[in-house]
Amino acid sequence: MRDQYQELKCSRPDYRISVVVLLILMVCGYAAARYIGHHGHWVTGMNNQIVWGLPHVFAILLILAASGVLHIASISSVFGQQAYAPWARLSALLSICLLLGGLVVLVLDLGRPERLMVAMTHYNFKSVFAWNIFLYSGFVVVVIACLYTMFEPGMNNHIGKAGLIVFIWRLVLTSATGSIFGFLVARQFYGAAMMVPIFIVLSLVLGTAVFILLGRIVSLWGGNPIEDRLLVRLGKWMAAFVALELLLVTVFHLTNLYMAEHHGVEKFILRHGGIHTVLFWFGQILTGAIAPLVMIYLTRLGDALKGVMAASVLTIAGAIAQLYVTIIGGQAWPLELFPGKNVSSSFYDGVVASYAPSLAEFMLGVGGLALALLLIIGAMRVLPFLPDNRIHKTG
């Protein structure tokens with residue numbers, strides 16, 4: 001029997017309140033972008049040393065989540081687990097909207113978003129950023145093509161082929177995002193091939209957690225909630241990805257500690273980096289890794305929906321901390337212009353950079369997230385993304 005789908009038709013109070021709050025946050029984000037664009041980046045916490053601030057944390061968070069959330073569609077189309085097939089459409093929709101939200105934050109954070117046309121018409125193929133222009137736009141195209149095979153009955157036989165193309169494309173896209181930092185050898189905390197697998201696994205962690213939370217909410221609004229057993233099973237997947245991410249991060253830091261040239265930045269991140277050290281140990285490791293693993297594997301919470309959703313929230317919080325430490329902490333450590341030499345000048349050479357995110361930066365990032373969620377809701381209102389089968393066997 002073919003699955004039936006429906007548009008989102010909801011008038012619940014929590015749905016209406018959510019839409020209003022998201023609209024307000026989106027408007028605040030737009031106002032923040034106008035404020036930064038009008039006055040310049042000096043009104044933010046960014047400076048000549050910290051050129052990627054909190055908006056980049058939000059943007060990369062959304063981009064990684066966009067890639068990872070397609071994991072649910074890939075489970076059915078590529079790996080043949082048909083229990084997840086009814087939710088493949090929603091998975092694809094989430095990926096497109098989250099990516100657009102992240103890209104909007106990146107563009108508005110430029111200060112001169114109209115100059116994006118320069119980057120789109122003049123390419124430097126030695127730059128990973130130039131590659132990403134093709135990868136991001138191509139990602140949207142291939143996911144839309146995959147959605148077409150899902151929506152059009154006559155194309156259903158091609159879902160597997162389209163899903164495989166999307167699966168490969170999203171791995172390449174996430175690899176390119178990690179390569180932005182992996183190829184940046186000027187920063188001691190970057191310039192490592194390990195950045196690529198770390199970002200790939202982090203995207204799977206984020207995507208699974210995001211789908212557990214958003215999938216549960218929107219399916220409740222649609223009147224056909226995702227089966228608890230299915231979400232609990234996804235929670236097990238998420239915990240496995242978290243464990244793998246923890247292993248990769250451990251190997252990354254041990255490798256850096258083995259090399260004398262990275263001892264300085266490792267001591268900064270792990271011991272005396274202030275907020276960066278706190279976020280690493282208590283945010284990334286404790287909140288984002290150890291706590292979810294304990295909840296899923298060592299307590300009965302792992303077999304309950306509320307426990308899995310709580311673990312998903314902690315996992316996302318840990319991912320935010322990890323991106324903050326990676327992006328901002330990596331920039332805070334001074335450039336090694338002359339390895340083995342002490343450098344001091346009026347231009348802050350050899351000085352750890354300080355950074356305090358402004359309210360405008362925070363609102364810009366939150367506004368991009370709100371835009372992504374509104375796009376998801378709007379698309380579900382006009383197109384049948386939600387299954388209306390009342391029972392889906394999980395096998």
Side-chain angles (χ1 to χ4, degrees), residues 56 58-79 87-109 113 116-117 119-121 123 125 127-151 155 158-183 195-211 214 241 319 323 368-369 371-376 378-380 383 385:
H56 275 71
F58 276 96
I60 294 180
L61 179 81
L62 290 169
I63 291 170
L64 291 179
S67 172
V69 79
L70 270 173
H71 169 62
I72 285 74
S74 297
I75 293 177
S76 62
S77 63
V78 178
F79 300 103
W87 304 101
R89 290 187 183 188
L90 179 60
S91 169
L93 173 65
L94 293 179
S95 69
I96 293 175
C97 295
L98 290 172
L99 177 65
L100 293 177
L103 294 180
V104 166
V105 175
L106 281 180
V107 171
L108 293 179
D109 185 52
L116 179 66
M117 293 303 300
M120 295 179 66
T121 54
Y123 299 109
F125 289 103
S127 170
V128 181
F129 294 98
W131 305 352
N132 284 337
I133 291 177
F134 294 98
L135 289 173
Y136 293 149
S137 57
F139 179 82
V140 174
V141 171
V142 296
V143 175
I144 290 176
C146 187
L147 276 173
Y148 176 71
T149 65
M150 298 178 191
F151 274 84
M155 298 295 292
H158 301 286
I159 290 178
K161 298 175 184 177
L164 180 60
I165 294 173
V166 170
F167 177 75
I168 295 173
W169 197 285
R170 71 183 181 87
L171 287 179
V172 175
L173 182 147
T174 313
S175 298
T177 304
S179 297
I180 293 174
F181 302 93
F183 292 176
M195 283 291 182
V196 172
I198 285 175
F199 271 66
I200 290 175
V201 178
L202 182 59
S203 74
L204 294 171
V205 171
L206 272 171
T208 308
V210 166
F211 185 85
L214 293 184
F241 295 142
L323 289 174
L369 174 60
L371 172 62
L373 296 177
L374 285 171
L375 289 174
I376 293 168
M380 289 192 301
L383 291 173
F385 282 97

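Source: prediction; values computed, not measured.
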Can you list, pair by pair, the side-chain donor-acceptor contacts under 3.5 Å of residues 162-173, counting residues two or more places apart and other chains?
unit_1 : atom_1 : unit_2 : atom_2 : d
W169   : NE1    : L135   : O      : 3.0
R170   : NH1    : S67    : O      : 3.2

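- Screening L373, L99, I376 for a side chain to side chain contact (heavy atoms under 4.5 Å, CB included) involving L94 leaves a single residue, I376.
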Original post:
Between H71 and F211, is a ring pair (Phe, Tyr, Trp, His ring centres under 6.0 Å) present by the stated rule, with each step listed?
Top reply: CA-CA 9 Å; H71 169 62; F211 185 85; 9.6 Å; no
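- Residues passing the ring pair (Phe, Tyr, Trp, His ring centres under 6.0 Å) test with Y148: none are found, sequence neighbours excluded.
- Contact annotation: the side chain of F183 never approaches that of M195 to less than 4.5 Å [non-hydrogen atoms, C-beta and beyond].
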Subject >> Criterion side-chain contact (heavy atoms from CB on, under 4.5 Å) on L323 and L64, from CA distance to verdict >> reply: CA-CA 11 Å; L323 289 174; L64 291 179; 4.1 Å; yes
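- By the side chain to side chain contact (heavy atoms under 4.5 Å, CB included) test, A92 pairs with L70, V143, L147, sequence neighbours left out.
- Using a 4.5 Å heavy-atom threshold, the side chains of Y136 and T177 count as touching.
- With a 4.5 Å cut-off on side-chain heavy atoms, S95 and F139 count as touching.
- You'll find the side chain of I198 stays beyond 4.5 Å of the side chain of F181, heavy atoms only.
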**OP:** Check step by step if side-chain contact (heavy atoms from CB on, under 4.5 Å) holds for L90 and I72.
**Re:** CA-CA 9 Å; L90 179 60; I72 285 74; over 6 Å; no
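- Of all heavy-atom pairs between V69 and S91, the closest is O-OG, 2.6 Å.
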